[in-house]
Amino acid sequence: METILAITVGAFFAASIYLMLSRKLVRVLMGIAILGNAVNLLIFTSGRLLREVPPIIPAHAYVPEAITANPLPQALVLTAIVISFSFFAFFLVLGYRAYQELGTDDMLEMRVAEPVNEPEPPLGY
Amino acid sequence: MPFQGVEATFWALLAPFVAAAFGPWLTRHLKHNAAWILAVPPAAIFLFFLSFVPEVSGGAVFRASMPWVPSLQVEFSVFLDGLSVLFALLISGIGTFVVLYAGGYLKGHAHQGRFFSFLFLFMGAMLGVVLADNFLTLFVFWELTSITSFLLIGFDHLRTASRRSAIQALVVTGAGGMALLAGLLLTWQASGTMEMSQLLASGDVLRESSLYLPVFILICLGAFTKSAQFPFHFWLPNAMEAPTPVSAYLHSATMVKAGVYLLMRMHPVLGDTTIWMTVLPLFGGVTLLVGTFLGLRQTDLKLVLAYTTVASLGLLVMLTGTSSAEAIRGAVLYLFAHSLFKGALFMAVGTIDHEAGTRDMRYLGGLRKAMPITFTAALLAALSMAGLPPFLGFVAKEVLYNGTWTLGSGAAILTLVAVAGNAMMFALAAIVALKPFLGKPVDTPKHAHEGPILLYAGPVVLAACGLIAGLFVASAGHLFADPMTLAVSGEPVHGELHLIPAHINAALFLSLGTIALGITLYIYQDKARAFASKTLETIGWGPDKGFDQFINACVILASKLTRTVQTGSMVTYMRLTFSVLLLVLFVPMIATASWPSLIPSELPSVLESCILALALIGLYAVLTAKNRVTAMVSLGVSGFAVAVIYFLFGAPDLSFTQFMVETLSVVILALVMTRLNLHNKDSRGSAAKLFDAGLATLVGLGFTLALAGVTQQPFDASLSEFFTQFSRSIAHGRNIVNVILVDFRGFDTIGEISVVMVTGLCVLALIRVRSNYTPPADPEANKAEANS
Amino acid sequence: MNTVIFRTVAPFLTALMLLFSVFVLLRGHNEPGGGFIGGLIAVSAFAILGIACGVAAVRRALVMHPMSVAASGLLLAVASVLPSLFKSQAAMTSQWLEFTLFDTPIALSTPMFFDIGVYLVVVGAITSIALSLEERESD
């Protein structure tokens with residue numbers, strides 16, 4: 001089962017990278033959103049899979065009675081989901097403001113930090 | 001820390017820094033008269049070190065230490081012997097008069113307080129250099145002298161020449177400092193000690209070590225850059241951009257001697273080898289000749305003095321390089337005499353500049369009536385510099401001639417160089433002391449008159465010291481020079497010093513020859529100047545010019561490199577990043593030839609297959625969507641599919657969170673999208689698309705293989721089992737995931753919610769802050785406009 | 001989306017979702033749930049209210065600025081680290097206080113306050129993001 005999910009994770013990565021390499025702001029943003037899912041699934045799968053038994057201890061016991069799903073990657077992924085969401089929001093707003101200020105959604109034309117015809121640095125003291 | 005004994009040295013080291021902190025405040029209230037109060041700390045330090053002289057001259061050494069970085073066995077330690085005490089006396093004694101002089105010289109200057117502050121910082125740093133026992137302490141203070149020198153040279157920072165000189169001095173001495181650090185660390189490795197006092201007691205350990213050569217080269221680099229030896233001499237004359245008190249103090253009497261100090265300090269363990277006795281006299285001798293020759297062509301009195309300082313430093317290095325006790329005795333006496341006369345001459349020239357408005361000898365003359373005290377001081381100092389009796393300079397010259405002469409016929413060249421250099425220095429001393437004062441009075445830019453006491457106190461006292469030390473040379477030698485010679489050469493010197501030579505010897509004839517040559521040069525000075533200028537014009541290139549070329553080359557290279565590496569194209573950066581990621585994923589698998597099998601061991605159920613298919617269809621739809629809405633909805637679909645996957649594999653918490661997050665993502669994406677007219681159209685060409693698709697597929701395949709490989713390894717569940725076992729019994733929680741989040745790994749969660757919080761703040765700032773940025777005008781359009 | 005039905009239902013829906021979010025938050029220690037999920041549910045509630053009745057209504061309903069809510073949450077989470085220090089235990093060791101009120105066993109604990117802190121940070125920060133985006137939408 002892990003192997004099948006590994007293939008799925010690969011597909012998520014491939015889609016996200018393809019989107020991020022395209023020059024349009026919207027596609028890059030969507031690529032970032034998919035990248036978050038890809039990484040979360042990667043961590044989740046690497047903790048091994050077990051069907052339908054959540055890591056919850058029954059009310060009358062002190063340890064789970066049967067073997068449960070691995071709780072550790074779940075804890076890691078839970079916070080990762082929230083953080084990747086807040087970062088997605090941040091990138092979204094960043095892209096949105098960049099579009100407003102620069103008037104373009106093409107990565108190749110966003111050159112404020114490194115302008116095309118940057119003057120030579122001054123020589124002398 | 002006690003206030004007496006060797007431990008009190010720490011207080012003496014601290015005092016200049018305290019004075020540096022209070023200097024500006026005092027100056028604000030008392031104006032230039034603050035100098036009288038500020039001169040107290042250095043004077044007190046002088047007296048403090050003077051109290052060590054009787055014991056040190058008897059051969060005693062002192063050491064005190066405090067823990068500094070105990071884990072690295074680094075101590076903050078001081079070491080007092082004949083060498084460091086004489087240097088400390090020079091630093092504090094001359095420092096006292098330089099502070100007074102600065103009070104008069106910068107009277108009314110807006111930043112006089114800042115100047116005092118820098119000056120005291122330097123004084124503390126320099127004391128630290130000569131007193132430090134620990135290598136790291138030495139290095140820290142050494143660099144601090146470079147930095148304060150930078151600040152003082154660039155004091156008048158509105159002028160380009162000042163800035164250039166300051167940067168030049170910092171680069172040259174700073175680079176030397178790095179070499180010194182490396183040299184000291186290698187010394188540590190070779191000798192096993194970081195304390196100078198222990199190193200000096202280690203005998204031949206360093207000389208016999210295989211690291212001797214690198215240590216020697218690195219220490220020499222440090223010393224030569226600091227002490228302005230050829231070919232690093234160029235920064236010192238340029239440092240004359242600094243106000244005159246700085247030139248008198250840092251760039252003649254003290255800081256530039258730090259290199260000589262270092263060589264003398266290391267002489268007992270590094271010296272007396274063939275390479276030492278080849279390299280040092282060679283560079284020292286060349287520096288002596290080059291310095292005096294370059295000094296001959298100058299008409300600016302301060303520059304003349306600067307070049308003679310270079311020459312004197314060369315002489316000192318040359319003599320230290322002979323490793324003979326007699327020559328080193330000459331070097332010590334000369335160092336002592338030089339600090340006194342050169343300090344006095346610099347201050348006298350500064351006074352002329354201050355009161356007459358120029359220091360160019362072509363526009364000066366006949367000042368003896370207007371400035372009698374300055375004239376007297378300059379004359380006394382110049383007589384010492386020229387090496388005439390009964391001044392200390394004369395004794396120094398006798399001893400050093402004697403030292404080189406007794407080396408034997410092989411070292412005759414050294415004697416010859418010394419005579420030639422000294423003859424030129426004689427002429428230059430005469431020029432500086434006589435030219436502005438004798439002859440007919442000339443109209444100067446300012447009406448010349450004698451300066452205030454603050455200005456002439458320093459030159460008069462220092463010049464008088466040179467005379468007194470010369471007259472009582474036997475006691476001066478016994479108290480100051482001989483202990484230092486002992487510390488440097490490692491063997492006691494014999495015989496008292498005499499002002500009047502006890503018998504006619506070679507040194508006396510050499511002195512007479514020097515004087516005769518010097519007088520001839522003085523008479524033909526105009527011809528000599530013309531000859532020197534012509535020679536230099538013929539050569540046309542010097543290290544000074546080379547420095548500019550070097551700095552410019554660095555800037556150009558850096559800018560070229562930046563443009564090559566940082567093209568400014570986001571797409572290129574991303575492609576590079578993912579290509580590196582590809583290598584990281586595949587290289588280990590190829591190298592170890594460990595390919596995981598991609599054949600699933602079990603088949604997914606129907607429900608699972610449907611959900612996985614839904615996720616992949618969602619992805620495909622995002623990639624091929626023709627409009628934004630389709631893309632957004634497809635993104636949501638793949639996200640919900642992931643949520644269901646979590647649910648199917650026993651993670652209800654993740655599943656709920658994912659559902660909420662996907663919903664909110666689509667909502668905020670929609671909020672932004674409906675407002676902006678963003679295109680979802682892929683504007684890449686087919687070749688680019690093909691390349692990107694290939695790269696993306698390969699990276700995806702890499703992740704698939706890596707993940708499959710990981711999951712096919714045996715699983716170490718010990719950590720998960722720990723959490724499962726103790727979730728209820730210790731943390732009283734039955735939802736293990738939640739217990740991990742809020743209890744077991746709570747600190748991680750604090751970090752994570754802080755990140756969420758910070759992104760919230762960033763978004764708020766991004767939305768609220770409006771910039772005034774306007775896109776840069778198209779240069780082509782401007783051109784077209786200009787043409788029309 | 002500004003239909004009358006939606007605008008009428010939205011406040012009730014929001015209230016219900018908020019109540020549910022608190023329920024999810026508090027049961028989180030023993031059953032699926034917790035601060036992150038609860039917080040996200042609450043954010044959705046505010047988002048719905050914002051879309052239906054406007055950002056101003058949400059700001060009124062929240063009383064405090066959303067970032068202040070987030071900041072107090074972070075403060076609460078950090079504060080829950082401290083009680084263990086008074087008992088000379090390692091920082092963040094959980095402290096429990098169990099008692100019975102009207103025949104109902106109640107357990108107060110530092111992890112619970114920590115989880116409430118997480119809840120408040122998520123609610124505050126993400127509501128702030130959503131509101132500032134909606135606000136730009138309206139002007």
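Nothing here was measured: the structure is a model prediction, and the numbers come from that model. Letters go in sequence order (proteins before strands), and every chain restarts at 1.
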Under 4.5 Å heavy-atom distance to chain A, tell me which part of B:Glu721 shows up: side chain, backbone, both or neither. neither
Contact class of B:Asn738 relative to chain A, heavy atoms under 4.5 angstrom: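 Interface part for B:Asn738: neither.
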Under a 3.5 Å distance rule, please check whether [X] uses its side chain to pair with a backbone N or O of [Y] as donor and acceptor.
| X | Y | result |
| --- | --- | --- |
| A:Gln74 | B:Gly650 | yes |
| B:Arg728 | A:Ile57 | no |
| B:Thr704 | A:Ala6 | yes |
| B:Arg734 | A:Ile56 | no |

So, A:Asn37 and B:Gln658: side-chain donor and acceptor under 3.5 Å apart, yes or no? yes
Taking all heavy atoms of B:Leu612 and all of A:Ile4, pick out the closest pair and write down the distance.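 Distance-wise, the nearest heavy atoms are CD1-CG2, 3.5 Å.
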Of all heavy-atom pairs linking B:Thr711 and A:Ser46, the shortest is CG2-CA, 4.2 Å
If you count heavy-atom pairs under 4.5 Å between each of B:Val739, B:Leu705, B:Val555 and chain A, which one has the most?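 Winner by heavy-atom pair count: B:Val555.
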Who passes salt bridge (Lys or Arg N to Asp or Glu O under 4.0 Å) against A:Arg111, sequence neighbours left out?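 A:Arg111 satisfies salt bridge (Lys or Arg N to Asp or Glu O under 4.0 Å) with no other residue.
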Examine whether an atom of A:Ala38 lies under 4.5 Å from a heavy atom of chain B, and if so say whether it belongs to the side chain, the backbone or both; otherwise answer neither.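 Neither; nothing under 4.5 Å.
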Between A:Asn40 and chain B, with a heavy-atom cut-off of 4.5 Å, which part of the residue counts as in contact: side chain, backbone, both or neither? both
Residues that B:Tyr646 engages under ring-ring contact (aromatic ring centres under 6.0 Å, His included), provided they are two or more places apart: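 A:Phe44.
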Please check if atom CZ in B:Arg164 has more than 12 non-hydrogen atoms from other residues, nucleotides or ligands closer than 6.0 Å. yes
